[in-house]
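All values derive from a computational prediction rather than experimental measurement.
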Amino acid sequence: MGTNWAGNVVYGARELLLPTHLGELPGLITSAHRLRAIGSRHSFNDLADSPESLISLQGIPVDLERDVEFDSDARTVRVPGWLRYGDIAALLADRGWALANLASLPHISIAGAVATGTHGSGDRIGSLATQVVALDLVDGTGTHRRIARGDESFEGAVVSLGALGVVTHVTLAVEPDYQVRQSVYEGATWDAVLANLDELTGAGDSVSLFTTWRSPDLVDQLWVKSRQGRDPWTPLDGIVAAAGARHPIPGIDPAPATEQLGRVGPWFARLPHFRLEFTPSAGEEIQTEYLVPREDFPAAIGAIRSLSARIAPLLQVCEVRTVAGDDLWLSEAHGGDVVGIHFTWVRDSEAVAAVLPEVEAALPPTARPHWGKVFADHDRIAALYPRWDDFRALRRSLDPDNRFVNGFIERVGLA
């Protein structure tokens with residue numbers, strides 16, 4: 001079945017099902033014993049793998065003009081879930097609409113990003129899952145379901161880990177089109193960040209801090225993305241605008257990165273860190289992320305600083321971002337605002353696996369790992385989610401025969 005995008009996961013499924021129209025889905029699902037839906041393969045663990053069958057909707061033809069459905073009165077757009085955010089962004093803008101935020105990569109599938117709680121950055125902006133107004137899926141019994149805001153199970157169904165069925169369409173909230181400028185700054189220290197956290201993470205609508213942890217004291221880059229019309233940020237003492245374009249990883253050609261230097265451009269060409277037409281990030285890598293309540297961030301960053309000498313040799317770059325809280329049951333931001341600490345490691349699975357227990361032991365016990373990234377301790381996850389048992393009940397009601405259960409779902413205790 002090949003590998004995930006980064007090459008660190010070799011899929012163990014015996015077959016890949018490729019329907020050519022949605023009418024095939026119920027029969028394929030009910031005739032399978034174990035299966036999982038697979039999207040753009042940007043999961044870094046075995047969440048999307050299956051012991052038997054994988055199913056991809058990538059072979060179903062899409063006509064963007066016909067299959068992307070706008071409702072201007074409701075301010076929504078209904079899209080095939082297997083499309084990537086980059087596939088629909090320009091069309092939205094052409095129609096005068098935009099999304100509230102995007103993740104670092106426009107290359108990820110919409111359904112997959114939503115199902116794992118994937119996010120961009122912004123003190124007042126939730127994860128991509130918070131843009132969802134409704135989901136269309138085919139569950140484990142082969143039944144077509146539409147689950148919308150206001151329905152009893154909606155908050156449980158959005159961040160679903162692919163455990164409820166195959167999502168065919170996602171309806172997203174949209175807002176009027178807007179422009180964004182992006183600037184990169186250098187010279188920040190972690191002491192300054194901790195002393196001025198609200199100001200720094202509020203310097204723009206979307207803010208990211210990047211560091212390689214080669215120094216436990218320095219932040220390599222501060223990326224600030226601001227909507228046009230917002231007053232430019234005045235940097236703190238010691239922080240200066242970068243002299244030229246930057247890649248998040250120091251020393252790498254910045255050509256794949258979205259345009260910087262304060263130049264205004266479309267929202268979809270500034271909110272991601274990387275351009276759709278380029279291979280994202282550095283290619284071969286392993287990713288890990290932990291999201292902690294905002295009040296626990298000083299303790300979390302202190303823990304990472306103490307491990308910087310252990311982390312730096314294995315690291316390509318670390319990114320810190322903020323995410324507004326939500327009420328989605330399995331969202332990493334459930335219950336309050338969080339700060340994500342994201343690690344892009346070199347692709348050395350054995351070495352990364354050895355350091356992760358140290359990282360997790362040092363972090364505050366409130367740290368929630370990102371569902372689609374690599375983490376070590378699966379046993380403690382259930383205690384981090386107040387609605388865990390409610391989701392288990394929902395999963396069993398939509399998939400009573402456990403068709404969408406795999407090793408990951410079993411390890412975290414959702415089977």
Side-chain angles (χ1 to χ4, degrees), residues 101-105 119-125 180-228 230-254 256-265 267 269-275 280-282 289-292 294 297-298 300-302 304-305 308 311-312 315-324 337-344:
N101 209 350
L102 290 171
S104 299
L105 306 179
H119 58 89
S121 184
D123 285 357
R124 297 182 298 276
I125 307 172
V180 174
R181 66 177 181 274
Q182 177 170 234
S183 300
V184 176
Y185 299 90
E186 298 170 331
T189 66
W190 284 112
D191 287 343
V193 169
L194 294 174
N196 302 276
L197 184 62
D198 291 347
E199 178 176 347
L200 285 169
T201 63
D205 296 281
S206 172
V207 175
S208 294
L209 295 87
F210 290 98
T211 186
T212 60
W213 289 115
R214 292 170 188 163
S215 164
D217 301 320
L218 301 180
V219 178
D220 295 328
Q221 300 175 29
L222 176 69
W223 289 40
V224 178
K225 306 168 191 276
S226 302
R227 295 195 185 198
Q228 190 176 24
R230 178 174 178 149
D231 291 338
W233 178 59
T234 301
L236 302 174
D237 289 345
I239 300 177
V240 298
R246 297 289 189 262
H247 190 286
I249 303 175
I252 290 185
D253 182 358
T258 47
E259 194 166 357
Q260 304 154 31
L261 303 175
R263 296 177 182 137
V264 174
W267 58 275
R270 296 293 184 276
L271 291 177
H273 297 326
F274 299 100
R275 305 173 192 252
S281 193
E289 184 175 25
Y290 303 96
L291 295 101
V292 299
R294 193 176 179 103
F297 175 68
I301 212 67
I304 301 304
R305 291 177 77 174
S308 59
I311 290 170
L315 193 66
Q316 296 188 45
V317 73
C318 173
E319 179 181 8
V320 171
R321 292 178 285 178
T322 58
V323 187
D337 299 344
V338 296
V339 183
I341 305 173
H342 184 282
F343 302 91
T344 299

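Considering only heavy atoms from C-beta on, D217 stays 4.5 Å or farther from D191 through its side chain. Here the side chains of V338 and H119 are not in contact, with every heavy-atom distance at 4.5 Å or above. Contact of the R181 side chain with the R270 side chain is not registered, since no non-hydrogen atoms from C-beta on lie closer than 4.5 Å. Side chains of T322 and D337 form no contact here, defined as non-hydrogen atoms less than 4.5 Å apart.
Proximity of a side-chain donor or acceptor of Q182 to a complementary backbone N or O of E259 within less than 3.5 Å is detected. Within the 3.5 Å criterion, the main-chain N or O of G340 finds no donor-acceptor partner in the side chain of R321. In this structure a side-chain-to-backbone donor-acceptor pair under 3.5 Å is present from S121 to V207.
Interatomic distance, Q316 CD to I249 CD1, rounded to the nearest 0.5 Å: 4.5 Å. H247 NE2 to F274 CZ: the interatomic distance, rounded to the nearest 0.5 Å, is 4.0 Å. From T189, atom OG1 reaches atom CG of L194 across 8.5 Å, with rounding to the nearest 0.5 Å. Taking CZ of F297 as the reference point, atom CG of L197 lies at 6.0 Å (rounded to 0.5 Å). One finds the CD atom of E186 at 11.0 Å from the CD1 atom of I239 (value rounded to the nearest 0.5 Å).
Pairing each heavy atom of V224 with each of A203, the nearest pair is CG1-O, 3.6 Å. For the pair Q260 and A257, the tightest heavy-atom approach, listed with the atom from each and the gap, is NE2-CB, 3.7 Å. Across every non-hydrogen atom of S104 and P272, the tightest pair is O-CB, 3.4 Å. Across all non-hydrogen atoms, the minimal contact from C318 to I341 is SG-CG2, 3.9 Å. For the pair A242 and L261, the tightest heavy-atom approach, listed with the atom from each and the gap, is O-CD2, 4.2 Å. W233 and L200 get closest at one heavy-atom pair: CZ2-CD2, 3.5 Å.
When the shell of 6.0 Å around CG of D253 is examined, it contains more than 12 heavy atoms from other residues, nucleotides or ligands. Within a 6.0 Å sphere centred on CZ of R124, heavy atoms belonging to other residues, nucleotides or ligands number 12 at most.
A salt bridge links D123 to R294: one of the charged nitrogens lies within less than 4.0 Å of a carboxylate oxygen.
Of the residues listed (Q221, E319, H342), the one engaging S208 in a side-chain contact (heavy atoms from CB on, under 4.5 Å) is E319, and it is the only one. With L271 as the partner, the side-chain contact (heavy atoms from CB on, under 4.5 Å) test is satisfied by one option alone out of T258, I125, N101: N101.
Between W190 and W213, the ring planes are parallel. Angles under 30° get that label, and only those over 60° would be called perpendicular.
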Q: Apply side-chain contact (heavy atoms from CB on, under 4.5 Å) to V193 and L209, showing your working.
A: CA-CA 9 Å; V193 169; L209 295 87; 3.5 Å; yes
